Amino acid sequence: MLIRLAFRNLFRNPRRTATVVLTVAMGTGSLFIFDGFNAGIMNQYRENTVHSRYGHGQVNTNGYREKVFEKPWEHWMTNYPALQERLTRVPGVLYLFPRVEFFSLLTNGKITVSGRGQGVDGRAEAKFFTTLNVVDGMTLSDQEDGILLGLGLARALDTRIGDRVTVLANTIHGTMNAADLTVTGIFHTGSKDFDDVVFRIPLKQAQTVLDTERVESVAFGLNAVEDWTRVADVVRAEYPDLEATPFAVLDKVYYQNSVDWLGQQFAVIQLIILAIVLLGIFNTVSTSVLERKQEIGNLRANGESKGQIVLLLGWEGFALGVLGAVLGIVIAWMITAVFLRNGILMPPAPGLTRQFHVRIELQAAMALGSFIMGAAAAMVGTLLASFRVARMPIGEALRSI
Amino acid sequence: MKPNPNHLYTIKDLRFSYPLEEQRVQALRDVTLTIEKGEFACLSGPSGSGKTTLLNILGLIESVQEGVVFFQDRELKALSEREKNRIRRYKIGFVFQSFQLFPVLRADENVEYFLTRQGIPRKERLKRVDEALDAVGLREHRAKRPLEMSGGQRQRVALARAIAKRPEVIIADEPTASLDQNTGRGIMEIFKRMNDEKRVTVIVSSHDPMVHAFAPRRLEMKDGFLC
Ligand SMILES: Nc1ncnc2c1ncn2[C@@H]1O[C@H](COP(=O)(O)OP(=O)(O)OP(=O)(O)O)[C@@H](O)[C@H]1O
Ligand SMILES: [Mg+2]
């Protein structure tokens, strides 16, 4: 009977009921879309990060990343083919990217500059590192004597696609060695520190110049981010002198910090949306409840306790909240499906130079989360409003107009 | 002080004041009074003489400030909120000048509501609803909502709602004041009949001589005193 009265009360002022329901719907819908947008950004950002430099993670010898060595190659990994054979068999592993890094001089015959060389498996990397921004020519792939230059380096050397460049470096035995290479492309990541010094050449070339078979690190291209744990498990179990590090740690400065920072920002905005919904509902419900002071006085005069009054109004709030939240989620879903199908065009993310589309990724868990938050906000708003009238002296409630 | 078991209310030296800005307005001054079971009493007196205040104290709407009020053998001042709620729920029926019906419930649902809250089983509830609606002559209007009824009909629903509770006392503050003379008379006739036939204790207040004529006992108030 209490529930029936609560339910019927929803229809006594359809306009106001609609207002409250729409307020809840707006809030819930915004939370839902916002959550989806957030997930879209995070995913996009993660994909960008994974496909730009680090892959899903990397393997190197224990402690190698933390220390600086006079002769780093002494700590590089030996017998890469065996390692490759084993790690390729881990489910989810699509690509392995063996790499070496070395300091060198680059010269075009007239000008000589210093740079940081990366020896990479061009063909494999070309397939996976799709977000590397090549501004001229093309990325390194099959060319045995190709070299891909950072934009800053290319400008310093005043080279064009097809020009010859000589790489000069010390072998691991300390003698000078050189390789003549052809510029295949120029890349631009937007990070000046990187673009000004880094160049890429085929791993074989690098190993020849350095006179070693060793590999400094192996990066991974996986089927999905979640597959990383399996790689890490295998490395931990079978290669005690190697360590596996996920991309989020490798790119801590850009990725993890950005994610944390964005996450915090999203949390704050979410809180603001919630607060607005709460306030809106509190307001509307307050006025409607205060107009019913006499009725509440009459209920109290006939023996309803304060708690039962709160319960009665709470049921009304519950119904309004559930109705509004469901409506909000349906509307949000429809808006996303119809108007935001292609996502939202975003300016370049930190560390990237291109605009990108963020797809709104709506997930069932988010729908549930937004639903709970929207409905709860309606409940809390109603309860706050009802405590005030429930506490009123009965006589005063009955006397009010 | 021990109250007489035949008395529904035993009131001694009751004083009551309302806070008004910095001061207090004295609404009741030294009211001493007993009301017996089955009585039909009418409070009369000019506006502001304290009728509503007294009825509200008898109905446990306002609490006792000074003096003693027994409801049957229980002193009101000593009751917990829980005990007061029990008395309100089971022993007191109200009829207000402004009806106070639930606008969203039909006439019969309005009557049934407090019976549900008394925990009466459905079958018994429906029987009592029928009886109460018959008693006020509204059986054929049972499915109407308050807004679809006239003032007199609404007050009869309110009366049926109070009767159906089978309370010890029905307290009615100016039950006819929003009605015309004839309609008001109809309401008073029902009060009278309930008092005659069912021995329900009735306490009403009114300015109207027509109402006074129905009540065997007349309590005249002036400036918070009982004359
Ligand atoms: N809520 C209140 N705050 C302050 N003073 C009040 C309040 N209610 C009543 N009073 C005062 O208490 C006194 C008694 O009021 P009460 O309402 O009991 O009179 P009444 O006999 O019912 O009058 P009426 O015939 O107009 O209904 C009056 O002086 C009135 O002004
Ligand atoms: Mg009055």
Side-chain angles (χ1 to χ4, degrees), chain A residues 1-18 20 285 287-320 323 386-387 389-401, chain B residues 16 18-19 27 52-63 80-106 108-120 122 125 145-147 158 161-162 164-165 167 170-171 173:
Chain A
M1 196 77 184
L2 183 95
I3 294 176
R4 187 178 346 159
L5 182 63
F7 187 70
R8 296 267 185 87
N9 273 330
L10 298 181
F11 297 99
R12 82 199 284 168
N13 189 339
R15 268 253 305 280
R16 188 154 42 218
T17 300
V20 176
V285 174
T287 37
S288 80
V289 162
L290 290 177
E291 278 171 25
R292 283 159 59 190
K293 276 190 264 186
Q294 284 200 21
E295 172 182 325
I296 287 156
N298 180 32
L299 284 164
R300 297 266 288 116
N302 281 282
E304 302 289 353
S305 67
K306 291 170 193 168
Q308 282 156 336
I309 299 296
V310 171
L311 200 66
L312 172 74
L313 298 172
W315 273 111
E316 294 183 30
F318 177 74
L320 290 172
L323 214 69
S386 55
F387 281 134
V389 281
R391 268 211 312 265
M392 231 170 146
I394 305 175
E396 195 179 312
L398 280 169
R399 265 193 302 274
S400 58
I401 342 134
Chain B
F16 192 92
Y18 292 98
T52 297
T53 308
L54 182 54
L55 287 181
N56 281 354
I57 290 172
L58 299 184
L60 278 66
I61 288 174
E62 300 284 2
S63 40
S80 69
E81 189 60 27
R82 209 187 157 82
E83 292 169 310
K84 283 192 203 168
N85 277 335
R86 277 188 67 80
I87 294 180
R88 290 169 184 143
R89 174 168 292 168
Y90 293 99
K91 306 207 163 173
I92 298 173
F94 287 100
V95 177
F96 298 101
Q97 177 181 340
S98 51
F99 322 135
Q100 298 295 352
L101 299 177
F102 302 112
V104 292
L105 299 182
R106 308 186 324 191
D108 50 359
E109 291 167 336
N110 260 286
V111 177
E112 190 187 352
Y113 187 80
F114 291 128
L115 303 185
T116 321
R117 309 299 295 154
Q118 284 183 341
I120 295 170
R122 189 179 149 77
R125 239 160 45 209
R145 304 258 170 126
L147 286 176
R161 185 170 66 178
K165 280 177 77 176
I170 292 180
I171 292 175
D173 192 5

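Protein chains get the first letters and strands the later ones, always in sequence-line order, with residue 1 at the start of each. The figures that follow rest on heavy atoms only: side chains count, while hydrogens, waters and symmetry mates do not. If you're wondering where the values come from, they're calculated on a predicted model, not measured in any experiment.
Proximity to chain A is limited to the side chain of R161(B), based on heavy atoms less than 4.5 angstrom apart. At a 4.5 Å heavy-atom cutoff, the contact between F96(B) and chain A is made by side-chain atoms alone. For a residue to count as touching a neighbouring chain, one of its non-hydrogen atoms must lie under 4.5 Å from one of that chain's; by this rule F99(B) does not touch chain A. If you measure heavy-atom distances from R292(A) to chain B, you find no contacts under 4.5 Å at all. Proximity to chain A is absent for every atom of K91(B), based on heavy atoms less than 4.5 angstrom apart.
Residues E81(B) and S305(A) form no side-chain contact, since every pair of their non-hydrogen atoms from C-beta on lies 4.5 Å or further apart.
Counting all heavy atoms, side chain and backbone alike, Y113(B) lies closest to L299(A) at CE2-CD2, 3.6 Å. Considering all non-hydrogen atoms of both residues, N85(B) and E304(A) come closest at OD1-O, 3.9 Å.
Counting only distance, with no hydrogens or angles, the side chain of N302(A) and the backbone of R89(B) share no donor-acceptor pair below 3.5 Å.
Within 6.0 Å of the CZ atom in F318(A), the count of heavy atoms belonging to other residues, nucleotides or ligands does not exceed 12. No more than 12 heavy-atom neighbours from other residues, nucleotides or ligands sit within 6.0 angstrom of CZ on R86(B).
With rounding to the nearest 0.5 angstrom, the CD atom of Q97(B) is 12.5 Å from the CG atom of L398(A). To the nearest 0.5 Å, atoms CD (E396(A)) and OH (Y18(B)) are separated by 11.0 Å.
Neither side chain, E295(A) nor Q100(B), offers a donor N or O lying under 3.5 Å from an acceptor on the other.
Most heavy-atom pairs under 4.5 Å with chain A, from the set L60(B), I61(B), T52(B): that is I61(B).
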